[in-house]
Amino acid sequence: MALVSINQLPESILLEVFTHLPARQLLLRCRPVCSLWRDLIDLVTLWKRKCLREGYVTEDRDQCVADWKVFYFLCSLRRNLLRNPCAEEDMRSWKIDSNGGDQWKVESLPGAHGTDFPDPKVKKYFATSYEMCLKSQMIDLKAEGYWEELLDKFRPDIVVKDWFAARADCGCTYHIRVQLASANYIVLASFEPPPMTVHQWNDARWTEHGGKDTQFWAGWYGPRVTNSSIVISHSMTRSPAPCVAQP
């Protein structure tokens, strides 16, 4: 039997084979092989199929994706980039910037004069004291798999969430600051809303939205913080009106 080149297969079969290969291998190893493979791997059809196969979109989606390849990678990389967000590993992965009063402490939910967290999987929180307590964490987006062209050209949204609560018997002030920096640590963008103060005798409810208590009592009466997250959004859609569906 004579040997047959893989390129003699119908393009539809090649596309199906590429659909099952890892995305990075497609770009780094397969795309440079020849012009045929390059053209097939650049097709919208391939990346749309991979998105459907991985469950990133469904057949009955009501929006068109602006760039299927970028959308695929953003979906595959989507995760909470913060390490130890729920204090399960004590203070590990966090840099202590300010450790006032009786310093940072990890406590179990619901804690004294506290309430349960909305998500039962969250079991612990970071507790602050009567003087300023601040912690921070630096994330290297390139080390997390995001490359320069993706960040500079498409500029995906960076979604930051934090949950905090006060003790019911003590007020507190909560601070948050998020900065986006370049490779040489030049701040490109900053998000720092005004501090939020919760008064004494509150409902201790957890609010999704560093800190100190307002009574200056010894112990850990300041804001309780947990379930923090930083996620690169995979939102690469356009409204359906101006969009032309692609196969």
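Everything numeric in this text was worked out from a predicted model, so none of it was measured.
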Hey, are the side chains of [X] and [Y] touching, using non-hydrogen atoms and a 4.5 Å cut-off?
{"X": "F73", "Y": "I232", "answer": "no"}
{"X": "W47", "Y": "F71", "answer": "no"}
{"X": "W206", "Y": "V122", "answer": "no"}
{"X": "V65", "Y": "V44", "answer": "no"}
{"X": "V160", "Y": "F191", "answer": "no"}
{"X": "L36", "Y": "L14", "answer": "yes"}
{"X": "K124", "Y": "T226", "answer": "no"}
{"X": "W201", "Y": "D169", "answer": "yes"}

Can you run down the salt bridge (Lys or Arg N to Asp or Glu O under 4.0 Å) pairs that involve residues 180-204, sequence neighbours left out, and say none if there aren't any?
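Every salt bridge (Lys or Arg N to Asp or Glu O under 4.0 Å) pair that includes a residue of residues 180-204, provided the two are not neighbours, is D203-R205.
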In plain terms, say whether K142 and E148 are close enough for a salt bridge, that is, a side-chain N and a carboxylate O under 4.0 Å apart.
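Here K142 pairs with E148 in a salt bridge, since their nearest N and O are under 4.0 Å apart.
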Electrostatic pair R79:E144 at N-O distance under 4.0 angstrom:
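E144 and R79: salt-bridged.
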Atom pair CG/CD1 of L82 and I230 - distance to nearest 0.5 Å
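L82 CG to I230 CD1: 4.0 Å, rounded to 0.5 Å.
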Might you point out which heavy atoms bring N84 and R92 nearest each other, and give the distance in Å?
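Closest approach of N84 to R92: ND2-O, 2.9 Å.
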Can you name the closest pair of heavy atoms from I41 and C30 and give their distance?
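For I41 versus C30, the nearest heavy atoms are CD1-CB, 3.6 Å.
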Y56 ring center within less than 6.0 Å of Y72 ring center:
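Here the rings of Y56 and Y72 have centres that are less than 6.0 Å from each other.
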Using 30° and 60° as the class boundaries, would you call the ring planes of Y174 and F164 parallel, tilted or perpendicular?
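It falls in the parallel class, under 30°.
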So, W37 and N7: side-chain donor and acceptor under 3.5 Å apart, yes or no?
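There is such a pair (donor and acceptor under 3.5 Å, judged by atom type) between the side chains of W37 and N7.
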Strictly distance-based, threshold 3.5 Å: is any side-chain N or O of S233 a donor or acceptor partner for the main-chain N or O of D157?
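Flag not set: sc S233 to bb D157 has no pair under 3.5 Å.
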Any pair with a residue in residues 23-34 that passes side-chain hydrogen bond (donor to acceptor under 3.5 Å, both in side chains), sequence neighbours left out, goes on the list, sorted by first then second residue, please.
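The answer is R31-D42.
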Linked, directly or transitively: V159 and Y146 (ILVMFWY side chains, under 4.5 Å)
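Looking at the clustering, Y146 is in a separate group from V159.
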Are K123 and C86 close enough, and set up right, to give a side chain to side chain contact (heavy atoms under 4.5 Å, CB included), and what steps lead you there?
CA-CA 7 Å; K123 305 294 185 182; C86 300; over 6 Å; no
